[in-house]
Amino acid sequence: MSEEQASSTHAVVKDQRNANIWIGMRDGVTGKFEYFRRNEAKVSVFDSGFMLGDGIWEGIRSRNGVIQFAKDHIDRLFESAKAMYMDLRLTKPELLSLIHQTLDKNDMGSSPDVHIRLMVSRGMKETPHQNPRATLGAPLIVIIPEYKKVDPGPGERGLKLMTVHIRRGPSDVKDEMINHHSKYTDIQACIQANLMGADEALMLDQNGFVKTCNSTNFFIVRDGVVWAPTRKFQMQGITRKHTINVCKKAGIPVEECDFTLTETYGADEAFCTGTFPSQIPVINIDGRIIGEGKPGPVTARIQQLYKEFVDADVSRGREAVMKDVENAKVVKFTDMSQFFGFGAPGEGLAH
């Protein structure tokens, strides 16, 4: 692993088993769910995700075959789909079952370190055109499970962040609450951070307040109080939510507020959160040493509390996790058939 790869929020321990994984795919035109080896899995050049970036996704962890915070991830995906007028043409339990089947196909039930990229595109296009009327069938669903153990190096050393000029904008331009395939702003921020020799980009909102990183949420600690940027203009992070909740339960004070770079530079500690890295300390921002320049005690305590919370969630087993999803709110999608000139999404599709 290169030095650049080792110093990031998503640094992994390389695993050769990933070269031959099975990828699960639900074809939106035929309705068939099939498995393909890594080197054989393909999408059409007429797919909406490839052609237009018209899709949504989730990054999910599996521990010994059990999906971590399954309901949270499935709920978020369906909420994004509803916002985008994208009827998935299957239920929440059916989608979770497909994920379980893909894990089992790969015999990953005994692995504590599986990371899943769940991707949904609007589906096949009859011709290159952005209008959903040119869509044939239902959305394409792709499930990619990989053996991904977190490289401990960055967490032990701490991260270096650099503030970039690219801002997180308002929801009427690009709603950051949606885990959308179009990651243009985040990728440009990431590239700028790379060019500056940083591990991750720190992004401000349109008012100049500290908001988030390009692929993770961001926190600081001042005088024993955890500060979290408000939810506006950033992804509704599941790890962010549970980090705040475990802090409150343990009596660690938390404030969701707007704060500046000056207040960030003066913080005692800082850390990033995400599904893959959980919590990872930050020790330098824009050349300013944060606190004592090493991972701090509050961050370490939060990491332990969060680990215990995750352990408790996955230890319940698949049956309990599935029951959570079965009892989740049913999402009602708008009937868009009148807007589709080449056949309604999922027309004739068998679940």
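What you see below is based on every heavy atom in this structure, not just the backbone, and it leaves out hydrogens, waters and symmetry mates. Position 1 is the first residue of the sequence; numbering continues from there.
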- Got Pro154 and Asp199 here, is their nearest side-chain heavy-atom distance under 4.5 Å? no
- Query: Just wondering, do Ile116 and Ser62 contact through their side chains at under 4.5 Å, heavy atoms?
  - Reply: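 A side-chain contact under 4.5 Å exists here.
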Side-chain donor/acceptor of [X] to backbone N/O of [Y], under 3.5 Å:
X: Lys232; Y: Pro170; result: no
X: Asp286; Y: Thr163; result: yes
X: Glu269; Y: Val298; result: yes
X: Glu263; Y: Thr260; result: yes
X: Asn284; Y: Gly287; result: yes
X: Asn131; Y: Arg133; result: yes

- Message: Is there a salt bridge (charged side-chain N to carboxylate O under 4.0 Å, His left out) between Asp311 and Arg316? Walk through the geometry before answering.
- Response: CA-CA 9 Å; Asp311 290 344; Arg316 298 179 302 140; over 6 Å; no
- Message: One pair to check against side chain to side chain contact (heavy atoms under 4.5 Å, CB included): His180 and Asp175. What are the steps and the verdict?
- Response: CA-CA 9 Å; His180 197 274; Asp175 192 346; over 6 Å; no
- Are a donor atom and an acceptor atom from the side chains of Ser80 and Asn179 found within less than 3.5 Å of each other? no
- Message: Would you say Asp313 and Gln68 are linked by a side-chain donor-acceptor pair, where the criterion is simply a distance under 3.5 Å?
- Response: no
- Ring geometry between Trp22 and Tyr35 (parallel below 30°, tilted from 30 to 60°, perpendicular above 60°):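 Rings of Tyr35 and Trp22: perpendicular, as their planes differ by over 60°.
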- Task: Look at Glu58 together with Arg76 and state whether they make a salt bridge at an N to O cut-off of under 4.0 Å.
- Result: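 The answer is yes: the pair qualifies as a salt bridge.
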- Message: Regarding Lys332 and Asp87, does a basic nitrogen lie under 4.0 Å from an acidic carboxylate oxygen?
- Response: no
[X] to [Y] six-membered ring, cation-pi geometry met (6.0 Å, 45°):
X: Arg168; Y: Phe233; result: no
X: Arg26; Y: Phe33; result: no
X: Lys92; Y: Phe78; result: yes

Which atom names give the shortest non-hydrogen contact between [X] and [Y], and what distance separates them?
X: Arg157; Y: Ile283; result: O-CD1, 3.2 Å
X: Trp57; Y: His181; result: CD1-CD2, 3.7 Å
X: Met162; Y: Ala198; result: CG-CB, 3.4 Å

- Item | Given Arg17, Arg38, Arg117, the one that forms side-chain hydrogen bond (donor to acceptor under 3.5 Å, both in side chains) with Glu146 |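 Passing option: Arg38.
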- Item | Passing option when Thr216 is tested against Glu200, Gln279, His10, Arg240 for side-chain hydrogen bond (donor to acceptor under 3.5 Å, both in side chains) | Glu200
- Tell me, with the steps shown, if Ser121 and Asp47 meet side chain to side chain donor-acceptor pair (under 3.5 Å). CA-CA 7 Å; Ser121 88; Asp47 178 73; 2.7 Å; yes
- Message: I'd like to know whether Asn245 forms a side chain to side chain contact (heavy atoms under 4.5 Å, CB included) with His242, so could you lay out the CA-CA distance, the side-chain angles of the two residues, the decisive distance to 0.1 Å, and finally the verdict.
- Response: CA-CA 5 Å; Asn245 288 342; His242 289 307; 4.2 Å; yes
- Message: Could you walk me through whether Arg61 and Asp113 satisfy the salt bridge (charged side-chain N to carboxylate O under 4.0 Å, His left out) test, starting with their C-alpha distance in whole Å, then the side-chain angles of each, then the deciding distance to 0.1 Å, before giving a yes or no?
- Response: CA-CA 7 Å; Arg61 297 294 283 177; Asp113 296 298; 3.6 Å; yes
